[in-house]
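Read through the structure below, which is laid out as structure tokens, and then see the notes.
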Amino acid sequence: MTDADSSNSTGSPGSSDSSGSLDSPDTGPSTSETYDEFAASRSDPRFTDWLRERAGDSWDDATAHRLTRELAADELADDVFRQYLVQDYAFVETLVGVFGHAVGTAPTMESKSELVSFLGVLTDDEDDYFLRAFDALDVPESVYSEPKTTPATRAFIDLLERAAGQGGYAETLAVLVPAEWVYLSWATDAADGHTNPDESPSRFYLSEWVDLHEVDDFEAFVEWLRAELDREGAAASPRRQRRLEQLFRRTVELEVAFFDEAYELAPSGDSTATATSPASSQSGDGGASQPGDGRW
């Protein structure tokens, strides 16, 4: 599929539900309805800026979520982070597959090379982080290797797979860009809020999670991804631009749901739980909920 303009591509226009479908009425933000309207009012329009505006409040909900704020402040409960991290590890496997699909559909060798390089980061540096964090958080291998995925995780996985499987390069970018851009945004805010290293989270699995997403290389990659979608989106037909907007917006909405579930499904069942001390989080003592308890 080269243009993906069919109304059946990656779902029907205009809606979403808890399964990740795009089939609920369009109640998007009151920004420019079309990219042409948006571009006409700006001297240097970017398609991805229009997509971010169309995401509306969901963008702020994702990039300034309670989970990311508490993480940056070293106040995030270990049981909440365990719940989040196990689900994120399950999601990353699909993310790697979608990036692999993007390599195959990318229009140039340069684009393919950029995507392959980032795949190396996901399968090497980031995977190493996950394994060390799981060890420190006493998460058994049986839990993170075969996780029981939650509704938001399953919806997210479904959306990415359908965007890649039923669309083209632009559709794949429309879910990859917000998935990475949201993380760059909150991690940059977190790093900017620390005026000296002592203000970073004392638990390495929190501080390194910020560091992984605010380094210059990651920022450059997200900017490159945006530029790819800027080009593809601006050249797409109005109908296809509408599909790209829906995919982008739904991805941002699911990021919010993904963060929310970490609190809702934490083993303690307490959405107001406070962070355990660094010492107890390393040892598993001090009353912290143990992995495997509750709904992983």
Side-chain angles (χ1 to χ4, degrees), residues 1-4 9-10 35 44-52 55 59 62-63 88-89 91-130 156-157 159-191 208-236 240-241 243-252 254-255:
M1 182 181 301
T2 59
D3 194 76
S9 174
T10 62
Y35 176 64
D44 187 21
R46 296 191 66 172
F47 187 73
T48 52
D49 283 338
W50 176 66
L51 293 178
R52 181 175 60 180
W59 181 263
T63 58
D88 198 67
Y89 196 58
F91 171 77
V92 165
E93 183 174 353
T94 298
L95 188 66
V96 167
V98 174
F99 268 107
H101 177 82
V103 172
T105 58
T108 67
M109 291 302 294
E110 180 183 1
S111 297
K112 294 177 189 294
S113 178
E114 288 283 352
L115 292 163
V116 168
S117 294
F118 187 67
L119 273 173
V121 174
L122 286 176
T123 57
D124 187 2
D125 295 351
E126 193 159 313
D127 190 64
D128 174 70
Y129 160 81
F130 274 110
F156 221 148
I157 288 172
L159 182 70
L160 264 66
E161 289 178 339
R162 288 189 297 114
Q166 299 176 23
Y169 185 54
E171 283 72 25
T172 305
L173 290 172
V175 294
L176 293 180
V177 168
E180 301 302 333
W181 194 5
V182 162
Y183 273 67
L184 174 65
S185 296
W186 72 252
T188 300
D189 287 345
E208 285 191 24
W209 196 233
V210 175
D211 293 343
L212 279 168
H213 296 101
E214 63 88 25
V215 294
D216 291 343
D217 286 349
F218 183 62
E219 181 179 5
F221 177 71
V222 172
E223 174 57 30
W224 177 84
L225 272 183
R226 289 186 58 194
E228 290 287 284
L229 184 53
D230 286 337
R231 183 193 65 244
E232 296 290 322
R240 191 179 190 187
Q241 288 176 344
R243 298 299 309 142
L244 300 176
E245 182 237 322
Q246 291 171 333
L247 288 166
F248 185 101
R249 176 145 47 94
R250 182 57 177 156
T251 302
V252 176
L254 285 173
E255 289 283 10

To the nearest 0.5 Å, atom CZ of Phe221 lies from atom CG of Leu115 at 5.5 Å

Checklist line | 4.5 Å side-chain heavy-atom contact, Phe248 and Leu244 | finding: no

Interatomic distance, CZ@Arg250 vs CG@Leu254, rounded to 0.5 Å, equals 4.0 Å

CG of Leu160 to OG1 of Thr94, rounded to nearest 0.5 Å, is 7.0 Å

Applying side chain to side chain contact (heavy atoms under 4.5 Å, CB included) to Thr123 and not counting sequence neighbours gives Val96

**Q.** Sub-4.5 Å side-chain heavy-atom contact between Tyr35 and Glu245
**A.** no

>> Closer than 3.5 angstrom, by distance alone: can the side chain of Gln241 be matched with the main-chain N or O of Gly233 as a donor-acceptor pair?
In response: yes

| Between Glu255 and Phe156, is any pair of side-chain heavy atoms under 4.5 Å apart? | yes

Closest non-hydrogen atoms of Ala174 and Thr251, given as atom of the first, atom of the second and distance, are O-OG1, 4.2 Å

Would you indicate whether Glu93, at its atom CD, is surrounded by more than 12 heavy atoms from other residues, nucleotides or ligands within a distance under 6.0 Å? no

Sequence neighbours excluded, the answer for salt bridge (Lys or Arg N to Asp or Glu O under 4.0 Å) partners of Asp88 is none

- Query: His213 vs Trp209 aromatic rings, parallel, tilted or perpendicular, using cut-offs 30° and 60°?
  - Reply: perpendicular

Closest non-hydrogen contact found for Val175 with Ala163 is CG1-CB, 3.8 Å

Asp128 meets the salt bridge (Lys or Arg N to Asp or Glu O under 4.0 Å) criterion, sequence neighbours left out, with Arg132

Just distance, no hydrogens or angles: give the donor-acceptor pairs under 3.5 Å from side chains in residues 178-185, sequence neighbours left out.
{"unit_1": "Tyr183", "atom_1": "OH", "unit_2": "Tyr84", "atom_2": "OH", "d": "2.6"}
{"unit_1": "Ser185", "atom_1": "OG", "unit_2": "Trp181", "atom_2": "O", "d": "3.0"}

What one should report as the nearest heavy-atom pair of Ala55 and Arg249 is CA-CD, 3.9 Å

Intermediate values then yes/no, side-chain contact (heavy atoms from CB on, under 4.5 Å), Glu219 and Thr188: CA-CA 9 Å; Glu219 181 179 5; Thr188 300; 5.9 Å; no

- Query: Val92 versus Phe130: any side-chain heavy-atom pair under 4.5 Å?
  - Reply: yes

Residue pairs passing the side chain to side chain donor-acceptor pair (under 3.5 Å) test with at least one member in residues 102-112, sequence neighbours excluded, are Thr108-Ser111, Ser111-Glu228

Can Glu171 and Arg240 be counted as an ion pair, charged N to O under 4.0 angstrom? yes

Test side chain to side chain contact (heavy atoms under 4.5 Å, CB included), reference Val177, set Leu247, Leu229, Leu51, output is Leu229

Salt bridge (Lys or Arg N to Asp or Glu O under 4.0 Å) filter on Arg52, not counting sequence neighbours, yields Asp49

Smallest heavy-atom separation, Val210 atom then Ala190 atom, equals CG1-CB, 4.0 Å

Rounding to 0.5 Å, atoms OH (Tyr89) and CD (Glu126) come to a distance of 10.0 Å

Notebook entry, point to check: Are the side chain of Asp230 and the backbone N or O of Thr48 linked by a donor-acceptor pair below 3.5 Å?
Noted result: yes

d(Phe99 CZ, Glu114 CD) to nearest 0.5 Å is 11.5 Å

Rounded to the nearest 0.5 angstrom, the CZ-CG distance for Phe118 and Leu95 is 7.0 Å

